[in-house]
Amino acid sequence: MAQNSALVMRLLASSVVVANRAGKIIRDVMSRGDLGIVEKGKNDLQTEADRSAQRCIIASLSQQFPDIAIIGEEGTQNPEVPSDWIVTDSDHSILSMQCPNDYKKIETKDVVVWVDPLDGTSEYTQGFLDHVTVLIGLSIKGKALGGVIHQPYYNYKVEPESTGRTIWGLVGLGVGGFLPQQPPQGKTIVTVTRSHSDALVQAALEALHPDETIRVGGAGNKVLLLMEGRAHTYVFASKGCKKWDTCAPEAVLTAMGGKLTDIHGSSYNYEKTVEHPNSRGVLATAKGVDHESILKKIPESVKNKFP
Ligand code: AMP
Ligand code: MG
Ligand code: MG
């Protein structure tokens, strides 16, 4: 089992199981009905599900990988968690895969784990449950290269007992947990925020002249629309997204041949010392979509607001 000892493969395999456990916590908080909402800032909520899911993820990953840097949206919290929140298992199908050569020598110090325990909190509190994702991103030497996106409420309206769906990706290895698809040619479908819009967000959207606009919550959820061929591009001319929102989605999207950058076309750095906001906005395109041509459509007057 020599290939299984590679740190990156073990981290990815553990993150899949950990994300599933966090998803169960998110469903349990909702079923109990007391969301414990706290306002972190303007239009920025936190619930008991955000807090507990992050405690589960950080406690589990730090038990398995004691020296790894983990940065979670909800900051420093009580590290003591109920014993049944500690996950020690990993995804066996990922562990059985061959580690790409580029990652064989990656050590703990090269990795930062970016955790958004519940992406789409506004939508969670408003009952748009299928917009919610759990995001665990692996940055390796500053690049978003590995990621897990778990949907705790995938297909829940059809299958109320569903335990969701978990998607993973590693650049150089591939993706799993879903059927990667490209969007149709000959039109432009754009996905955008439904709860954090402003004049610049709207100006960038309109400049793309979409044939159709899909307004949904969550960075993870919107990138999933690109990966399943339901939208061509995701644009967000705002400083509102953070590194934990984009690390996992960027990695999975890149692993299937799409692209995520700032609105100038540059990649974000995900080292542990970087600022958390994605202060130059977000532009993501599906596989088969020309990222450069979409970038060119965003007016300089909008780009100049995000130096
Ligand atoms: P949205 O597309 O609105 O769901 O946003 C994607 C992610 O970025 C979510 O985690 C939001 O909470 C976060 N986000 C976007 N804009 C803001 C903002 N103005 N303030 C706080 N968080 C934001
Ligand atoms: Mg988020
Ligand atoms: Mg969140």
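All ligand and atom numbering here is 1-based and tracks the order in the structure. Keep in mind that the numbers below use all heavy atoms, side chains included, and drop hydrogens, waters and symmetry copies. Throughout, numbering of the chain's residues begins at 1 and tracks the sequence.
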If we number the atoms of ligand 1 from 1 as shown, the ones under 4.0 Å from a heavy atom of Lys222 are 1 (P), 2 (O), 4 (O)
Give the minimum heavy-atom separation between Lys222 and Val216, together with the two atoms involved.
NZ-O, 2.7 Å
Identify whether the distance between the nearest side-chain nitrogen and carboxylate oxygen of Arg280 and Asp262 falls below 4.0 Å.
yes
Heteroatom proximity flag, Gly120 to ligand 1, N/O under 3.5 Å:
no
Near Lys40 NZ, under 6.0 Å, is it more than 12 heavy atoms from other residues, nucleotides or ligands?
yes
Trp244 near ligand 1 by a heavy-atom separation under 4.0 Å:
no
Minimum heavy-atom distance between Ser93 and Asp91, given as atom pair plus value:
OG-OD1, 2.6 Å
Listing by chain and number, which protein N, O or S atoms are under 2.8 Å from the Mg ion (ligand 3)?
Glu73 OE1, Asp116 OD1, Leu118 O
Per-residue contact class, Lys242 against ligand 1 - non-hydrogen pairs under 4.0 Å
side chain
Among all residues two or more places apart in sequence or in another chain, which pass the salt bridge (Lys or Arg N to Asp or Glu O under 4.0 Å) test with Arg27?
none
Leu170 to Met9 - nearest heavy-atom pair and separation:
CD2-SD, 3.9 Å
Between Gln64 and Leu11, is the side chain to side chain contact (heavy atoms under 4.5 Å, CB included) condition met? List the steps.
CA-CA 9 Å; Gln64 292 185 47; Leu11 252 175; over 6 Å; no
Counting both backbone and side chain atoms, is some N or O of Asp119 under 3.5 Å from an N or O of ligand 1?
yes
Please could you name the atoms of ligand 1 that Gly217 approaches to less than 4.0 Å, counting only its heavy atoms?
4 (O)
For atom 14 (N) of ligand 1, find the nearest protein heavy atom and state the residue, atom name and distance (0.1 Å precision).
Gly240 O, 3.3 Å
Taking salt bridge (Lys or Arg N to Asp or Glu O under 4.0 Å) as the definition, give me every residue that meets it alongside Lys239, ordered by chain and number, with sequence neighbours left out.
none
SB check Lys259 Glu250 (cutoff 4.0 Å)
no
Taking 4.0 angstrom as the limit, do Asp28 and Lys24 come out as a salt bridge?
yes
Ligand-residue contact atoms, ligand 1 with Ala219, heavy atoms, under 4.0 Å
6 (C)
Within the structure, does Lys42 bring an N/O atom to less than 3.5 angstrom of an N/O atom in ligand 1?
no
Are His150 and Trp168, when compared by the centres of their aromatic rings, separated by less than 6.0 Å?
no
Looking at Thr213, Leu225, Asn221, which hits side chain to side chain contact (heavy atoms under 4.5 Å, CB included) with Thr191?
Leu225
Close-contact set for ligand 1 against Ser195 heavy atoms, below 4.0 Å
3 (O)
Residue and atom name of the nearest protein heavy atom (relative to atom 4 (O) of ligand 1), distance in Å to one decimal
Gly218 N, 2.6 Å
Only heavy atoms count here, so choose which of Val201, Asp50, Asp44 is nearest to atom 21 (C) of ligand 1.
Asp44
Could you list which atoms of ligand 1 come closer than 4.0 Å to a heavy atom of Phe236?
15 (C), 16 (N)
Counting only heavy atoms closer than 4.0 Å, does ligand 1 sit against the backbone of Thr193, its side chain, both, or neither?
both
With sequence neighbours left out, write down each residue that passes salt bridge (Lys or Arg N to Asp or Glu O under 4.0 Å) with Arg165, or none if nothing qualifies.
Glu228
NZ/NE/NH1/NH2 to OD/OE distance under 4.0 Å, Lys242 and Asp116
no
Selected option - heavy-atom contact closest to atom 11 (C) of ligand 1, from Glu123, Arg215, His196
His196
Sub-3.5 Å N/O-N/O distance, Asn43 and ligand 1:
no
